[in-house]
**Student:** 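Just dropping this structure here.
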Amino acid sequence: MALVGWLFDAYPAEAGMAVWIAGEGGRPHRLTVLFAPIFYATGPGHVLERIPSALASAGVAADVAMTMREELLSGAALPVLQIAVSSPLAFPTAVRAVGRIPGASLFTCDLSVPQLFFAQTGLFPMGRYRVEGVDAAEGGRPVAAQAPAVTPAAFEPLSAPEDFEYALPPLVSMRLRLDGDPINPSHGRRTELEASVDGEAVVLCPDRPEDLIISLNRLIERYDPDVVLTEWGDAFLVPRLQRLARRVGVPLRWNRERHQGLRTRRERSYTTYGQTVFTAAAHMLHGRWHLDLRNSFIYGESELAGLLEIARLARLPVQYLARTSIGTAISAMQLHRAIQRGILIPWHKSEPEAFKSAEELLITDKGGLTYQPIVGLFEGVGELDFSSMYPTIMARFNVSPETMNCPCCPDAPRVPETGARLCQRRKGLVPEVLEPLLERRAYYKRRKRETAGADRALYQQRQTALKWCLVCSFGYLGYRNARFGRIEAHEATTAFSREMLLRAKEVAEPQGYRMLHALVDSMWLHRPGATCEDYDALSRTIEQATNLPIFVEGFYDWIAFLPSRTHPGLGVPNRYVGRFEDGTSKVRGIEVRRSDVPALIERTQARMLDVLFGARTVVELRAAIPQVLDILTDVIVRLRNGEVRAVDLAVTTTISRAPEDYKNNAVVAVAARQMARAGIALHPGERIQYIITDAGARLPDDRVRPLALLGPDWSCDADYYTDQVLRATETLLGPLDYSVERLEREVRASTSIIS
DNA sequence: AAAGTACGGGG
DNA sequence: GTGTACGTACTTT
């Protein structure tokens with residue numbers, strides 16, 4: 001008697017971990033798996049002696065025993081008290097009880113219980129198992145009370161987390177979305193709810209709440225979905241439906257377990273990388289997943305295949321991972337590896353750190369090399385990019401917090417500029433995690449090129465998810481609150497990167513290439529008459545000189561490095577527009593790339609770019625100018641005639657503070673205050689939309705109107721939007737000597753002919 | 001002129 | 001469970 005299926009979810013329960021297995025036929029099974037989460041404590045003998053009684057008086061059953069574990073930074077073996085807590089639910093209580101004893105130092109104590117479960121048992125999310133001693137024959141839904149308890153040893157693995165190729169269970173998804181899809185449904189009016197499973201869609205009307213709840217329950221009953229996919233489920237839909245269900249007295253059957261509520265996590269606003277982020281409260285289910293498309297960075301970037309790829313590698317439950325940052329996933333991979341290696345995890349107290357001194361700031365912020373590009377339009381330019389430069393450096397040179405300036409390798413070669421040493425004997429935790437990720441990503445990228453259709457999409461999603469892990473792994477190394485961060489490691493990585501980019505430059509220039517621009521891991525090179533093959537050959541030479549993989553990102557028919565707006569004539573690192581030889585294009589730093597630009601401006605500039613990218617040469621570019629001017633004129637006429645819809649004029653911005661905390665009358669501040677006055681609750685980090693009604697109005701409230709409060713008789717500031725369109729056009733035609741003034745003249749001339 | 005506000009990047 | 005990144009563009013005072 002055995003059950004074969006995929007480990008779908010795990011969370012703490014009364015007698016052990018509740019573990020859901022998605023059976024081969026798609027039927028779910030709930031098991032109870034016996035599990036005693038472990039943490040460690042050190043301290044003087046009299047302190048350790050107090051631990052058993054402290055646990056007992058807190059009402060926690062636990063087994064304690066002395067054992068040896070490794071200290072991360074020194075690598076030394078340390079005697080520690082191992083505390084195995086009998087029930088997963090009691091783990092936080094146990095940690096609190098021991099943590100209160102003065103003089104006790106705790107280790108591996110602040111990870112989530114599912115994380116500990118996966119680390120201690122070797123089981124992993126979405127792994128395929130054969131579970132002995134469980135009867136799957138009944139096929140139906142097992143009820144909690146009948147579920148048998150098994151030990152982790154009953155799980156026979158049929159796949160490994162290291163596998164590049166792996167099968168996944170067939171999952172039934174129910175989609176829930178509100179009609180209209182606004183930027184944030186709680187800012188708008190009530191709309192209809194659309195539920196769809198398996199191609200069947202039902203529209204539920206909010207005016208008859210009881211019917212709505214009953215219909216939703218019926219859908220869940222009939223299809224028994226594994227996944228509830230929502231848009232704005234966390235911020236709005238789920239709490240709203242819960243309230244509705246309570247009001248009409250009919251409970252919603254979200255869970256596969258009958259007597260459990262939803263697992264929630266509070267909403268929060270925080271700042272990161274100078275940006276304020278709002279994360280809605282999480283609403284997670286038992287026995288099925290609630291995934292909110294609009295509250296999941298990883299899902300948003302890499303869809304379900306990417307999410308599951310990372311869940312397997314990071315050993316994090318899917319619903320939790322969906323709502324967390326990539327940094328957390330990276331951290332989880334490192335933690336997992338550390339526990340496997342018997343390394344003690346220091347307690348990570350989130351203490352507010354002291355301000356950095358000016359000198360410290362200078363060191364920290366010296367990042368990758370940045371050149372100022374040579375402003376202008378160039379034909380025949382090659383772009384060479386180092387692939388995954390930072391992670392490759394970290395893996396290749398063994399850059400990790402515990403490998404920096406180790407006592408065991410005094411004669412190790414020095415890091416350029418900083419003179420630090422890197423351990424040559426012990427492989428670092430960070431490289432150990434990164435190396436397989438680099439390999440996996442290379443494999444998926446290759447498979448993506450070799451396949452088509454659904455397979456190609458699958459590999460694309462997986463490689464995208466891994467790309468984000470690699471990108472963030474570097475930032476994480478320098479993040480002072482990261483568990484495995486260390487500023488010297490961060491600095492070593494950027495020092496290597498600068499050294500390698502300089503080496504690449506020194507290889508290219510003697511061969512007659514002129515460096516037009518270079519940025520961290522990319523360089524733009526020009527040599528009259530050079531072909532793609534020449535750039536290919538150059539990249540191979542650079543590869544030899546740097547021992548880092550580099551490839552030709554593309555060969556541009558033409559590329560324009562655009563000038564700064566605030567310092568005309570000077571180049572800015574990330575403002576350029578170019579067409580590759582194969583007809584594709586690359587655009588950075590201009591209006592189409594910005595999320596706060598109204599759709600009208602974005603679409604207009606995109607249309608213009610389409611025209612310009614049809615040109616293979618600068619001569620053809622000049623010939624395309626009239627077409628671009630036609631687009632410009634057309635949009636300005638439509639603006640004047642009031643033919644543009646409000647949604648296309650809406651500016652979307654993230655508010656960085658509560659409406660009342662804004663200091664001046666910036667349009668965003670005025671719009672936010674208007675919304676607050678209308679009773680809409682706004683949190684820092686949320687996005688709002690508004691149109692400019694009269695930019696120059698004396699009364700701030702007349703300048704702008706939120707989209708959510710727009711009446712039927714609205715009007716916009718056509719002059720303001722005309723100016724925006726003109727500027728977006730100037731961005732593109734500037735290199736061809738068209739200023740805003742000249743564009744205005746051209747438009748005036750052509751419209752006077754029309755009228 | 002100074003202060004306030006927001007955004008991109010990576011592929 | 002995450003922190004005053006940095007440089008540019010633009011508006012308001």
Side-chain angles (χ1 to χ4, degrees), chain A residues 110-112 115 265-266 268-277 279 282 301-302 320 323-328 330-332 348-356 361 364-368 370 372 385 387-391 441 445 448 460 463-476 478-483 485 490 519-522 553-554 562-567 570-575 586-597 651-657 661-670 672 687-688 692 695-696 700 703-704 720 723-724 727 731:
Chain A
D110 55 349
L111 282 74
S112 72
Q115 266 180 299
R265 198 198 53 208
R266 289 172 57 91
R268 57 178 204 275
S269 290
Y270 60 93
T271 61
T272 175
Y273 285 86
Q275 260 209 328
T276 310
V277 182
T279 312
E301 287 293 328
S302 64
Y320 174 76
R323 291 165 173 83
T324 195
S325 67
I326 294 276
T328 306
I330 292 272
S331 173
H348 191 240
K349 305 180 192 101
S350 47
E351 288 165 5
E353 297 267 1
F355 284 66
K356 283 186 214 173
L361 262 170
T364 327
D365 297 333
K366 196 173 172 191
T370 313
Q372 222 167 39
D385 288 6
S387 22
S388 299
M389 189 192 219
Y390 285 147
R441 172 143 188 259
K445 278 179 84 168
K448 187 192 131 194
Q460 167 62 15
Q463 82 86 13
T464 305
L466 291 171
K467 176 201 77 186
W468 278 108
C469 289
L470 293 170
V471 166
C472 288
S473 65
F474 164 69
Y476 208 63
Y479 167 37
R480 53 195 291 123
N481 274 350
R483 274 180 206 263
H490 188 273
L519 188 61
V520 187
D521 57 357
S522 321
E553 160 81 353
L562 304 174
S564 161
R565 278 215 143 101
T566 41
H567 307 95
L570 290 184
V572 279
N574 242 325
R575 228 171 124 76
K586 194 165 172 180
V587 169
R588 289 295 179 271
I590 67 168
E591 288 82 349
V592 277
R593 300 282 297 186
R594 292 183 66 97
S595 62
D596 59 347
V597 166
V651 179
T652 308
T653 46
T654 309
I655 57 167
S656 61
R657 54 195 73 213
D661 293 343
Y662 276 99
K663 294 183 180 126
N664 60 19
N665 288 324
V667 279
V668 57
V670 177
R687 316 244 282 164
I688 64 169
I692 307 300
R703 295 175 194 162
V704 57
Y720 172 85
D723 192 48
Q724 297 259 303
R727 281 199 225 181
T731 301

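Naming: A, B, ... by sequence-line order, numbering from 1 per chain.
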**Student:** Quick one: the dot-bracket string of DNA chain C, using Watson-Crick and G-U wobble pairs with both distances under 3.5 Å, [ ] for crossing pairs and | for bases paired to another strand.
**Tutor:** .....||||||||
**Student:** Does a side-chain N or O from A/Ser325 land closer than 4.0 Å to OP1 or OP2 of C/dG1, or not?
**Tutor:**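 So the side chain of A/Ser325 is outside the cut-off, no N or O lying under 4.0 Å from OP1 or OP2 of C/dG1.
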**Student:** Just checking A/Thr464: base, sugar-phosphate only, or nothing, at a heavy-atom cut-off of under 4.0 Å?
**Tutor:**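 Since no nucleic acid heavy atom lies under 4.0 Å of A/Thr464, the category is nothing.
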**Student:** Tell me what A/Arg323 touches on the nucleic acid: a base, only sugar-phosphate, or nothing, going by heavy atoms under 4.0 Å.
**Tutor:**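 If one applies the 4.0 Å heavy-atom cut-off, A/Arg323 turns out to touch nothing in the nucleic acid.
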**Student:** By the 4.0 Å heavy-atom rule, please label A/Arg575 as base, sugar-phosphate, or nothing.
**Tutor:**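 Contact class for A/Arg575: sugar-phosphate only.
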**Student:** Does C/dG7 have OP1 or OP2 under 4.0 Å away from a side-chain N or O of A/Thr370?
**Tutor:**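 So the side chain of A/Thr370 is outside the cut-off, no N or O lying under 4.0 Å from OP1 or OP2 of C/dG7.
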**Student:** With no hydrogens and no angle check, is any side-chain donor or acceptor of A/Ser331 less than 3.5 Å from a backbone partner on A/Gly327?
**Tutor:**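 Not confirmed, A/Ser331 side chain does not pair with A/Gly327 backbone.
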**Student:** Starting at the 5' end of DNA chain C, which residue's closest nucleotide do you reach first, A/Arg727 or A/Lys663?
**Tutor:**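 Here A/Arg727 is the residue nearer the 5' end.
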**Student:** Which part of the nucleic acid, if any, lies within reach of A/Thr653 when heavy atoms closer than 4.0 Å are counted: base, sugar-phosphate only, or nothing?
**Tutor:**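 Here A/Thr653 touches the backbone only, sparing every base.
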**Student:** What does A/Ile330 touch in the nucleic acid at a heavy-atom separation under 4.0 angstrom: a base, only the sugar-phosphate, or nothing?
**Tutor:**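 No contact.
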**Student:** Under 4.0 Å between a side-chain N or O of A/Asn664 and OP1 or OP2 of B/dT5?
**Tutor:**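 Checking A/Asn664 against B/dT5: at least one side-chain N or O falls below 4.0 Å of OP1 or OP2.
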**Student:** Using OP1 and OP2 only, check whether a side-chain N or O of A/Tyr720 sits under 4.0 Å from C/dT11.
**Tutor:**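 Negative; the distance criterion is not met.
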**Student:** Within the structure, does a side-chain N or O atom of A/Ser656 lie under 4.0 Å from either OP1 or OP2 of B/dA6?
**Tutor:**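 Yes, within the criterion.
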**Student:** Locate the shortest heavy-atom distance separating A/Ser595 from A/Arg687; write the atom from each residue and the value.
**Tutor:**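 Scanning both residues, the minimum pair turns out to be OG-NH1, 3.8 Å.
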**Student:** Picking from C/dT13, C/dG1, C/dA9, which would you name as closest to the side chain of A/Arg565?
**Tutor:**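 Taking heavy atoms from C-beta onward, the closest nucleotide is C/dA9.
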